[in-house]
Amino acid sequence: MPTAFQKELGTLARRLADLCELVAIAFEEATCSVLESDRTLGGRVREDAAAVAALGAACEDQACALLALHAPREEDVQAVVAAVCSAADLTRMGGLAREVAEPRWRVPVEVRPALGRLGGHAVAAARALRGQLAGEDGAGVADAVAFVEAAEQEVRDGVGGIGWPHGAAAAADVVLFAAACGRFAGTAGSVARRVARFAPVAT
């Protein structure tokens, strides 16, 4: 039978799953705001990022309370530390979504479909991570991260070279957007590798 500590750790894992869903929504809206030049969506992403920061802080506080109210074993302490690090990483992912939504991008129309696919793969990585945090199979995270890596390289190969008609500034923006997607998905992958220390109690 799960101990009180394990039950509370399971509750924390589910809150982190909710946090991950907020992060996924924020990055999805950030991608749309870039591709559609929609400042209204950009404002919504800033609100999403604030909600992510608040829930992330609450998750970290809950994790610290677990250590203060219980006398956990060494492996339980490691699980709590993993949860704290995961909350911090997810909060940074929300901050990255906010940065992407800033209205500064020069994205040529013809590359927007490729960037949309790239952003979609990044969001898929976050949603697969949400499932893993909720106790589901996390295999989809690695697949989504691999898709992002391949799509990011494809975007990089397609800009700035011979025949690129849009200039260096647009090339830089496209590459920076692709890199943001790569960082977002890569962070999701890092969290996924850590989740096994505490998420199974959520099943």
So, the side chain of W105 versus the backbone of A170: is there a donor-acceptor pair under 3.5 Å, distance only?
-> no
So CG of L90 and CG of L129: to nearest 0.5 Å the spacing works out to 6.0 Å
Return each pair, listed once, that meets salt bridge (Lys or Arg N to Asp or Glu O under 4.0 Å) where at least one residue sits in residues 103-121; pairs must be two or more places apart or across chains.
-> R106-D173
Is Q6 reaching over with its side chain to a backbone N or O of T3, donor-acceptor style, under 3.5 angstrom?
-> yes
Which atom pairs, one a donor and one an acceptor, fall under 3.5 Å between side chains of residues 52-59 and the rest of the protein, sequence neighbours left out?
none

Any pair counted as ring-ring contact (aromatic ring centres under 6.0 Å, His included), so long as it reaches residues 29-62, sequence neighbours left out | none
Please round to the nearest 0.5 Å and tell me the distance separating atom CG of L19 and atom CZ of R130.
-> 12.5 Å
Write out all pairs satisfying side chain to side chain donor-acceptor pair (under 3.5 Å) with one or both partners inside residues 37-49, taking only residues at least two apart or from two chains.
-> none
Does any non-hydrogen side-chain atom of L118 lie less than 4.5 Å from one of F147?
-> no
For R183, all residues meeting side chain to side chain donor-acceptor pair (under 3.5 Å), sequence neighbours excluded | none
Could you check L133 against R14 for side chain to side chain contact (heavy atoms under 4.5 Å, CB included), going step by step and ending with a plain yes or no?
-> CA-CA 6 Å; L133 284 161; R14 289 187 289 273; over 6 Å; no
Nearest atoms (heavy-atom pairs only) where L9 meets A79 = CD2-CB, 3.8 Å
Measure across G94 and A49 and return the closest heavy-atom pair with its distance rounded to 0.1 Å.
-> O-CB, 3.7 Å
What's the spacing between E102 CD and E99 CD if we round to 0.5 Å?
-> 8.0 Å
For D89, what residues pass the salt bridge (charged side-chain N to carboxylate O under 4.0 Å, His left out) criterion, not counting sequence neighbours?
-> R92, R194
Residue list, side chain to side chain donor-acceptor pair (under 3.5 Å) with E29, at least two apart or on another chain | none
Looking only at heavy atoms, the pair that brings F184 and A122 closest together is CE2-O, 3.4 Å
Can you list every ring-ring contact (aromatic ring centres under 6.0 Å, His included) pair that touches residues 31-60, not counting sequence neighbours?
-> none
Between the NE2 atom in H121 and the SG atom in C181, the distance rounded to the nearest 0.5 Å is 10.0 Å
Do Q62 and T11 come within less than 4.5 Å of each other through their side chains, counting heavy atoms only?
-> yes
Check whether any side-chain heavy atom of V155 lies under 4.5 Å from a side-chain heavy atom of V111, and answer yes or no.
-> no
Below 4.5 Å, heavy atoms only, C-beta onward: do D76 and F5 meet side chain to side chain?
-> yes
Here the gap from S86 atom OG to R193 atom CZ, rounded to the nearest 0.5 Å, amounts to 11.5 Å
Results of side chain to side chain contact (heavy atoms under 4.5 Å, CB included) for A125 - residues two or more places apart only = A144, V145, A185, A188
Are I25 and L35 connected, step by step, through hydrophobic side chains (Ile, Leu, Val, Met, Phe, Trp, Tyr) whose heavy atoms are closer than 4.5 Å?
-> no
Quick note, ring-ring contact (aromatic ring centres under 6.0 Å, His included) partners involving residues 38-67, not counting sequence neighbours, are none
Salt bridge (charged side-chain N to carboxylate O under 4.0 Å, His left out) partners of E28, counting only residues at least two apart | R127
Can you tell if the side chain of V195 reaches within under 4.5 Å of the side chain of V141, non-hydrogen atoms only?
-> no
Considering only heavy atoms from C-beta outward, does the side chain of L115 approach that of V34 to under 4.5 Å?
-> no
Between L96 and V123, is there a shared hydrophobic cluster once you connect ILVMFWY residues whose side-chain heavy atoms come closer than 4.5 Å?
-> yes
Can you find a pair of side-chain heavy atoms, one from W164 and one from P108, that are under 4.5 Å apart?
-> yes
If two hydrophobic side chains count as joined below 4.5 Å and joins carry through other members, does V100 share a cluster with V45?
-> no
Please name the pair of heavy atoms, one in A63 and one in V80, separated by the smallest distance, quoted to 0.1 Å.
-> O-CG1, 3.4 Å
Using the test side chain to side chain donor-acceptor pair (under 3.5 Å), find all partners of Q78 that sit at least two apart in sequence or belong to another chain.
-> none
Out of curiosity, does L16 fall in the hydrophobic cluster containing L66 (side-chain heavy atoms, cut-off under 4.5 Å, transitive links)?
-> yes
List the atom of A30, the atom of A97, and the distance in Å for their closest heavy-atom pair.
-> CB-O, 3.4 Å
